[in-house]
Amino acid sequence: MSTDAPIALSYDRGTVLVAQGPPGFDFTALPGVLFDPRTSTHRAQARHYRAIVEHCLREKIAYTDAARGWENKPAGWKLQAAREPYPHQAEAVATWWQTGRRGTVVLPTGTGKTFVAVLCMEKVSRPALIVTPTIDLMNQWYGVIKDSFGVEVGLLGGGYYDFQPITVTTYDSAYIHLERWGGKYGLLIFDEVHHLPGPTYAMAAIGSLAPFRLGLTATPERADGGELALPELVGPIVYRKEITELSGEYLAEYRTKRVYVDLTPEEEDAYRKAREEYRRFVAERGISLGGPNGWQKFIFEASRTPDGVAALRAYREQKRIERSASGKFTTLEKLLRDHAGERALIFTADNATVYEIARRYLVPAITHQTKIKERKQILERFHSGEYSILVTSQVLNEGVDVPAASVGIVLSGSGTIKENVQRLGRILRKYGDKQAVLYEVVAKGTAEEFTSDRRRQHHAFQ
DNA sequence: TTGACTCAACATCCTTTGCTACAA
DNA sequence: TTGTAGGTTTCCATGTTGAGTCA
């Protein structure tokens with residue numbers, strides 16, 4: 001179909017407006033386009049922009065494009081002193097390019113995801129917005145991009161509001177200021193892309209025109225299955241290399257070891273009582289915790305009756321007992337003795353245990369309550385070797401540049417593969433040719449054994 | 001500029017056994 | 001008889017972060 005009356009595309013607050021066109025033209029035949037009765041216009045979520053343009057080109061439908069707010073080659077765009085990429089980096093870039101310049105690259109922490117992104121940016125040569133989960137990462141990206149391209153780099157978030165052809169932002173700011181940038185970037189890069197499927201954060205991907213998209217992560221899998229939304233938001237997984245495929249050459253050799261500890265008779269008794277109380281409530285209410293929304297149902301029921309409140313308290317109590325079993329402390333002491341002089345990171349699920357360990361063994365601790373300055377200082381001292389042991393809960397799982405350690409001790413944690421892979425990643429930075437080791441300390445005869453099984457369902461732990 | 005605060009968003013929280021109604 | 005899908009209410013508490021406000 002060829003026509004002299006082109007359809008008109010424009011960007012409007014996270015959507016593409018489609019107007020004009022030949023008489024009787026069916027706008028809803030365009031990908032993603034719906035009639036909006038509030039404004040009597042036709043529009044699509046901005047993410048459909050690429051499909052709409054491709055459809056128009058394929059069907060030879062004339063169109064004018066006032067939506068796209070970027071030029072192809074921003075001035076001064078030159079990669080400075082490019083170094084040779086590793087084979088896995090070159091492959092990742094090539095595959096992403098061949099898959100239509102859309103998709104997610106999965107690489108373990110410390111194997112150069114940022115450089116993959118830099119190479120993709122250079123190849124695509126479009127204004128790019130880089131989205132990160134934390135201000136810390138935003139600053140790291142800012143430094144790398146500035147050095148890589150030698151251009152002014154914009155920052156959005158953390159007190160900055162400066163758009164440039166290359167801009168780094170946070171998921172929060174990307175969402176809040178979407179209307180201001182949604183039509184201005186041809187390439188979107190999502191660092192730690194497993195955050196993107198959150199309902200609010202996803203808006204950044206939905207409301208942007210960017211035809212080219214790159215997601216980066218070490219573990220796309222989410223506990224809620226949200227990774228299923230990633231193909232729509234950024235594209236499919238186009239390249240994936242696992243820890244086991246890169247250990248030895250690019251990552252440290254490692255082994256993982258599960259250590260069981262017994263509860264004391266008193267702990268066992270208290271654990272059994274608490275667990276029985278909570279399980280009884282679940283059984284009486286006919287709640288199937290493994291079923292869909294099982295946990296939500298438990299929470300819902302538990303908040304309505306005194307019985308339920310007690311059951312929830314009992315649930316938390318049995319959790320607390322398994323997490324802080326006294327045997328874990330003796331095991332920790334032994335492990336630290338066995339690895340005296342080595343750099344060790346201790347992980348827990350809760351802050352109370354972190355502080356307990358810090359008090360007992362006079363070990364520096366980091367939680368979300370640790371002030372930024374102090375946190376930085378502790379990490380620097382850990383890096384310089386002044387501190388050889390560091391205890392933390394969940395803060396260091398992701399998004400912080402943590403100096404390499406060769407020993408990891410997981411005293412407690414969630415059942416998610418993501419957390420376990422992230423923690424393993426903390427000891428895999430090449431650090432001499434020492435073999436790294438990740439210990440997982442599990443309270444025997446408790447539900448922790450199942451949590452442990454669950455988080456080890458990743459071949460890196462087989 | 002800094003720091004203390006509040007608020008919003010996100011993630012996890014579970015699974016060791018079986019019931020019931022309905023379809024094949 | 002055997003096999004299997006089935007279910008619904010937005011959220012108790014803790015950990016973590018970013019944005020925004022105010023002194």
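Numbers restart at 1 for each chain; the letters A, B, ... are given by sequence-line order, proteins then strands.
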inquiry  = Between P on B:dT17 and CG on A:Leu289, what's the gap in Å once rounded to a whole number?
reply    = 14 Å

query = Looking at the side chain of A:Lys319, which of B:dT12, B:dC13, B:dT15 is the nearest nucleotide?
reply = B:dC13

inquiry  = Looking only at the side chain of A:Ser173 (C-beta and beyond, no hydrogens), which of the listed nucleotides B:dT12, C:dT16, C:dG18 gets closest?
reply    = C:dG18

inquiry  = By the 4.0 Å heavy-atom rule, please label A:Ala302 as base, sugar-phosphate, or nothing.
reply    = nothing

ask   = Just checking, A:Arg180 and A:Phe163: is the charged tip under 6.0 Å from the six-membered ring centre and within 45° of the axis?
value = no

request  = Please state how far atom CD in A:Gln369 lies from atom P in C:dT17, giving the value in whole angstrom units.
outcome  = 11 Å

task = Starting at atom CD of A:Glu419, determine the distance to atom C1' of C:dT14, rounded to an integer number of angstrom.
result = 13 Å

ask   = NE2 of A:His177 versus P of C:dA19: gap in Å, rounded?
value = 8 Å

message = Here's a test of your reading of the structure: between A:Ala202 and A:Gly445, which maps to the more 5' nucleotide of DNA chain B?
response = A:Ala202

key: Separation of C:dT9 P from A:Gln296 CD (nearest whole Å)   = 8 Å

key: Within 6.0 angstrom of A:Glu276 CD, more than 12 heavy atoms from elsewhere   = yes

message = Counting only heavy atoms from other residues, nucleotides and ligands, does the tally under 6.0 Å from CZ of A:Arg240 exceed 12?
response = yes

inquiry  = Given the structure, check if the side chain of A:Trp295 and the base of B:dC14 hold any donor-acceptor pair shorter than 3.5 Å.
reply    = no

query = Would you say the side chain of A:Met121 lies within less than 4.5 Å of the side chain of A:Ile130, judging by non-hydrogen atoms?
reply = yes

task = Using a heavy-atom cut-off of under 4.0 Å over every strand shown, decide if A:Tyr161 touches base, sugar-phosphate, or nothing.
result = nothing

Phosphate-side-chain proximity, A:Ser414 and B:dA11, N/O vs OP1/OP2 below 4.0 Å = no

query = Has A:Arg375 got a side-chain N or O lying under 4.0 Å from the OP1 or OP2 atom of C:dT17?
reply = yes

request  = Please tell me which of A:Leu312 and A:Phe300 maps to the more 5' nucleotide of DNA chain C, matching each residue to the nucleotide holding its nearest heavy atom.
outcome  = A:Phe300

query = How about A:Pro211 and A:Arg126: do any of their side-chain heavy atoms sit closer than 4.5 Å?
reply = no

message = What is the separation between atom CZ on A:Arg285 and atom P on B:dC14, rounded to the nearest whole Å?
response = 20 Å

ask   = Hey, does the side chain of A:Arg279 come within less than 4.0 Å of B:dT15's phosphate (OP1/OP2), counting only N and O?
value = yes

query = On DNA chain C, nearest-nucleotide positions of A:Ala349 versus A:Ile135: which is more 5'?
reply = A:Ala349

task = Round to a whole Å and report the spacing from CG of A:Asp172 to P of C:dT16.
result = 17 Å

query = Which nucleotide sits closest to the side chain of A:Ser303: B:dC10, C:dC12, B:dC13?
reply = C:dC12

remark   = Separation of C:dA13 atom P from A:Arg313 atom CZ, nearest Å, is 10 Å

inquiry  = Can you tell me if A:Tyr175 has over 12 outside heavy atoms packed within less than 6.0 Å of its OH?
reply    = no

key: Watson-Crick or G-U wobble mate for B:dT1, both contacts under 3.5 Å   = none

request  = Compare the minimum distances between each of B:dA11, B:dA4, C:dG15 and the side chain of A:Arg222, then state the nucleotide with the smallest one.
outcome  = B:dA11

ask   = Touch check for A:Thr451, heavy atoms < 4.0 angstrom, all strands: base, sugar-phosphate only, or nothing?
value = nothing

ask   = If only side-chain N and O atoms of A:Arg316 are considered, is one of them under 4.0 Å from the OP1 or OP2 phosphate oxygen of C:dC12?
value = no

inquiry  = Check the phosphate of B:dC14 against A:Arg275, side-chain N and O only, distance under 4.0 Å to OP1 or OP2. Yes or no?
reply    = no

note = Among B:dA11, C:dG7, C:dA13, the one nearest any side-chain atom of A:Lys297 is C:dG7

request  = Take A:His194 and A:Gly294, find for each the nucleotide of DNA chain B with the closest heavy atom, and name the residue whose nucleotide sits nearer the 5' end.
outcome  = A:His194

